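I'd like to ask some things about the structure below.
Note that ligands are numbered from 1 as they come in the structure, with each ligand's atoms numbered from 1 the same way. Numbers for residues simply follow the sequence, beginning at 1. The shown structure was predicted, so the numbers you read here are calculated from the model rather than taken from an experiment.
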Amino acid sequence: MEYVKQISDDLYWVGASDRRLALFENVYPIPRGVSYNSYLLMDEKTVLLDTVDKTVSRQFLENIRAVLNGRALDYLVVNHMEPDHCAVMDELVLNYPQLKIICNAKTMAMIKQFYDFDIDSRAVLVKEMDTFNSGRHTLSFIMAPMVHWPEVMVTWDCTDGILFSADAFGTFGAISGNLYADEVDVEKDWADDYRRYYTNIVGKYGVQVQALLKKAAALDIRTICPLHGLIWRENISWLMDKYQAWSTYTPEEKSVTMFYGSIYGNTENAVDILAGKLADRGIRNITVYDTSKTDPSYLVSEAFRCSHIVFASSTYNGGIFSTMENLLHEIAAHNLQNRTFAVIQNGSWGPASGRLMKDILSGLKNNTILDEELTLKSALKPEQEITMDQLADAIAASVLPEFQTKSNNEKEISAMKKYVCQVCGYVYDEAEGDPEHGIAPGTKWEDLPDDYECPLCFVGKDQFEEA
Ligand SMILES: Cc1cc2nc3c(=O)[nH]c(=O)nc-3n(C[C@H](O)[C@H](O)[C@H](O)COP(=O)(O)O)c2cc1C
Ligand SMILES: [Fe+2]
Ligand SMILES: [Fe+2]
């Protein structure tokens, strides 16, 4: 039976969801499924906006047959030629022989690449801001190249203020009854999927998304109808703000996410200890992930959320541990910017993973790699705690501006000690030194010459005790 949703007097959602598919694009896990949205406008002319993936074609064809209720399908607008949206095109042409296809020139070339049906006789070619009148509605077409693929355009219905946004503003997650973002708890149940979808699908194309956002800002958008996930008709600024941050590679949160690749757990142990030290220094919402356990799509998403990222890896056959290496290439492929990275390496005989990780990370634009780092030669040793603390201090100072001033002062003051002469009570204060006798402020006790004498009673260093 058909499963459709009426959006307005003459607009219907005729898409469908797939909860069976394990991997979207055969690579991204989708435990909550995915929807393929398609919209049917029942105006004087009938206009379908995009189709669906072939896995849900049966449901989709039933849906449009039901809404058309005996009318012919006059037009199909193809906003995006990726097969998750255009897979049913040839079947539509068979079912509705009079069908005209509205698309741009790049799309038309791709239709010919994917299909053998005669497109020349049925194509209505459109360019930037061309309009099409279906009766009550006027549609215009806005090019959005590389907001996933080069041929992508979005369709603007100025009559009702609806933006048919193609892959933009979409998300993973099947439609479960509630089709509208205002009918669900987006922040609690959907925000992570929105982020993971954006970062992995279009994250690389921030500049092109910015171009689309600028064009969209000029429109009085009342409803956004994307090709995946929820329809937005309230609180659209939530989505726009997220897209603004993601497309400019601006971290959503000043916090640290830590990724480790560890074979036997020693690298993991160091990461856990560092995470604890960062928490002690006041950093909140720290996350830690095992790169062998968590799919890289979730970690790319975390990398877009957080301002600071720690990469910790064992050396593996002279290289980076494989799951970490894969993650680094994924992050590089998604163009991550404006982040601060820290690196921990491990290796029992020739640690090399740190340098190799930095080689990949330094190929990314506009990031900082901290000088402070940590090398383990199998397992963290107690004497390495100083280095670990320096790394924690450097990360904390970078995450929390207030930590920088506090820590520098506190560190210097607390590191300075006092020594009392047991004979006369004279106090040597490292912070003050003894400028009268040529000893500069800040001179450590152990740096005083062996023949140092108390300036009051002239006994040697051995007569002093730490205060
Ligand atoms: C298959 C394999 C290959 C390794 N290759 C290297 C290597 O090329 N260079 C090196 O210094 N250590 C190498 N190691 C040692 C590990 O890097 C080291 O023991 C490990 O980092 C310890 O930390 P973990 O408990 O977090 O795995 C290798 C270990 C294994 C199991
Ligand atoms: Fe796409
Ligand atoms: Fe898509």
(request) Carefully, step by step, assess Tyr289 and Tyr260 under the rule ring pair (Phe, Tyr, Trp, His ring centres under 6.0 Å). (result) CA-CA 6 Å; Tyr289 297 93; Tyr260 68 80; 9.3 Å; no
(request) Supply the atom-to-atom distance Arg281 CZ to Ile286 CD1, rounded to the nearest 0.5 angstrom. (result)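 If I round to the nearest 0.5 Å, the distance is 10.5 Å.
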(request) Would you check ligand 1 and list the protein residues that come within less than 4.0 Å of it by any heavy atom, ordered by chain and number? (result)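 Contacting ligand 1 under 4.0 Å are Ser262, Ile263, Tyr264, Gly265, Asn266, Thr267, Ser314, Thr315, Tyr316, Asn317, Gly318, Asn346, Gly347, Ser348, Trp349, Gly350, Pro351, Ser378.
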(request) Answer with yes or no whether the side chains of Ser35 and Ser17 bring together a donor and an acceptor at under 3.5 Å. (result) no
(message) Just checking Phe169 against Tyr243, ring centres under 6.0 Å apart?
(response) yes
(message) Consider ring pair (Phe, Tyr, Trp, His ring centres under 6.0 Å). Of Phe172, Tyr28, Trp246, which one does Tyr198 pass it with?
(response)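 The passing option is Trp246.
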(message) Check for me whether the distance between the ring centres of Tyr75 and Phe132 falls short of 6.0 Å.
(response)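 Yes, the ring centres sit under 6.0 Å apart.
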(request) Please list, in chain and residue-number order, the protein N/O/S atoms closer than 2.8 Å to the Fe ion (ligand 2). (result)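 Result, waters dropped: His80 NE2, Glu82 OE1, His148 ND1, Asp167 OD2.
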(message) For the residue pair Asn346 / Thr267, report whether a side-chain donor-acceptor contact shorter than 3.5 Å exists.
(response)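 Result is yes, a qualifying pair exists.
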(message) Just checking Trp13 against Tyr3, ring centres under 6.0 Å apart?
(response) yes
(request) Please check if the distance between the ring centroids of His85 and His228 is under 6.0 Å. (result)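 They qualify: ring centres under 6.0 Å apart.
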